[in-house]
Asker: 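This is the structure, below, for whatever I ask next.
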Amino acid sequence: MLGVTLAIQALVSMGVLVVPAMGPAVALALGVSPTLVGAYIGIVYLGAMVASLVSAPLVLRYGALRTSQGALVACACGLALPAAWPTLPGAVVGALLTGFGYGPITPASSHLLARTTPAHRASFVFSLKQTGVPLGGVMAGAIVPLLALAAGPRPALLAVAAACLACAVAAQPLRNQLDADRDPSQPLRMGSLAGGLHLVASQPTLARLAAMSFVFSIVQLSLSTYLVTFLSTALGYTLLAAGAALSAAQAGGVVGRVLWGFVADRWLGAYRMLAVLALAMAMCAAATAALQAGVPQALTLALLVAFGASAIGWNGVYLAEVARRAPPGMAAVATAGTLAVTFFGVVLGPVLFGALSGAMGSYRAGFLALVVPTLACGWVLLRVSRRPDGG
């Protein structure tokens, strides 16, 4: 079960980052500014935000695996469309379809894992599953620039689309086993689609976690979206070198997600762990803004690995705590509701980052703007962790 959810998460996450991983090449092909990569990611996550709300009733009615297969197909269509129709409208519609594919993946996998994971191992198991997100980023940073340079942006998009379709087909033999708890009588009313948001609004602990994820997601996607472009334009990196740096940051996220889940389960607890990560994100964002072309690449990579470990490594601890705080049998609904808030941060974050960077004439301004709200989150989380109930 863990292997299936990990593979699906990795491929869909790779699909989301295909365009940012070759941002300068895509911008050149479309004749637009590279700062619009943030708008593309914002549209992706607008679709993901809507899809995450739809996902809970879909998971209950059709099963978590069938929902995930549909998400893979949607992601494949979202990547294939701009390859077949390489225009701004094609990119916009493709971004929405990719978001529709990304949104249901985490609620579906949380539903599967919440059924079988002991409470004392929840942070570690959910963090291990969530390594699929930075693992997809590693693949995007390592593979996509090579494909773009060898064959162009359009074949790169089609190659990842084909991989998503292959994964959907490969998962089919497990469908009956993993979707045994599906309920075909589950209604798909509009009220049920908003159930996740209603649940989060009614539970102060879930609302607090969702608000924290709003800020953290801005930091995560600003890093993932603009790192290649920042390194290329501000520090003079080649596309391949910048893609390798993105892979290094995402690899830090892979290690971080597993490590922070283990540390949260064994020693710190979820809230203290998240507070430490907030401090680390703020420090790394400030240090990234200060990078200069003369800084040794090894030192830059070390900083980006640390940045990735914190800014990309927090999700598993967060999702495990959401599942733990959710009412019994409502993990998918609670996850869908909190992720809608998370995705709203991703919708706004890269767009604001790009707008601020464009207005100030430097991506450094965008990274500096991440510092204060992240420190504020860390302070709130630390205060909450001192309460008797831990939240």
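All residue numbers in this chain count up from 1 along the given sequence.
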Asker: Can you hop from L375 to L223 via hydrophobic side chains spaced under 4.5 Å?
Answerer: no
Asker: Taking the six-membered ring for Trp, is the centroid-to-centroid distance between Y237 and F230 below 6.0 Å?
Answerer: no
Asker: With a 4.5 Å cut-off on side-chain heavy atoms, are L157 and V18 touching?
Answerer: yes
Asker: Is the closest side-chain heavy-atom distance between M212 and V380 below 4.5 Å?
Answerer: no
Asker: Would a single hydrophobic cluster contain both V16 and F343, if residues Ile, Leu, Val, Met, Phe, Trp and Tyr are joined by side-chain heavy-atom contacts under 4.5 Å?
Answerer: yes
Asker: Which heavy atom of G90 sits nearest to which heavy atom of L81, and what is that distance?
Answerer: O-CD2, 4.0 Å
Asker: Do L65 and V4 have side chains that approach each other closer than 4.5 Å (heavy atoms only, starting at C-beta)?
Answerer: yes
Asker: Determine whether Y40 and T98 make a side-chain contact, defined as any pair of heavy atoms from C-beta on separated by less than 4.5 Å.
Answerer: yes
Asker: Write down the atom of A140, the atom of A21, and the distance for their closest heavy-atom approach.
Answerer: O-CB, 3.6 Å
Asker: Determine the interplanar angle of the F216 and W314 rings, folded into 0 to 90°, and report it as parallel if under 30°, tilted if 30 to 60°, perpendicular if over 60°.
Answerer: perpendicular
Asker: I'd like to know if M139 and L240 are part of one continuous hydrophobic network [Ile/Leu/Val/Met/Phe/Trp/Tyr, side-chain heavy atoms within less than 4.5 Å].
Answerer: yes
Asker: Picking from D181, T335, T5, what satisfies side chain to side chain donor-acceptor pair (under 3.5 Å) with H111?
Answerer: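 The single option meeting the side chain to side chain donor-acceptor pair (under 3.5 Å) with H111 is D181.
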Asker: Please give me the minimum heavy-atom distance between A159 and L147, naming the atom from each residue.
Answerer: CB-CD1, 4.1 Å
Asker: Determine whether L79 and L158 make a side-chain contact, defined as any pair of heavy atoms from C-beta on separated by less than 4.5 Å.
Answerer: no
Asker: Of the non-hydrogen atoms in A151 and P155, which two are nearest, and what is the gap between them?
Answerer: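 Looking at all heavy atoms of both residues, the closest pair is O-CG, 3.4 Å.
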Asker: Got a sec: does the CZ of F344 have more than 12 other heavy atoms crowding it under 6.0 Å?
Answerer: no
Asker: State yes or no: do F367 and V371 share one hydrophobic cluster built from I, L, V, M, F, W and Y residues joined by side-chain heavy-atom distances below 4.5 Å, directly or via other members?
Answerer: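 Cluster IDs for F367 and V371 differ.
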Asker: Which is it for Q172 and R175 under the side chain to side chain donor-acceptor pair (under 3.5 Å) test, yes or no, and what are the steps along the way?
Answerer: CA-CA 5 Å; Q172 179 59 30; R175 202 264 167 145; over 6 Å; no
Asker: Are P107 and L339 close enough that some pair of their side-chain heavy atoms sits under 4.5 Å apart?
Answerer: yes
Asker: Which pair of non-hydrogen atoms, one from F100 and one from P104, has the smallest distance, and what is that distance?
Answerer: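 Taking every non-hydrogen atom into account, O-CD, 3.1 Å.
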Asker: Using 30° and 60° as the class boundaries, would you call the ring planes of F262 and F124 parallel, tilted or perpendicular?
Answerer: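 If you compare the ring of F262 with that of F124, the planes turn out perpendicular.
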Asker: Do Y318 and L199 land in one hydrophobic cluster if side-chain heavy atoms of ILVMFWY residues count as linked below 4.5 Å?
Answerer: yes
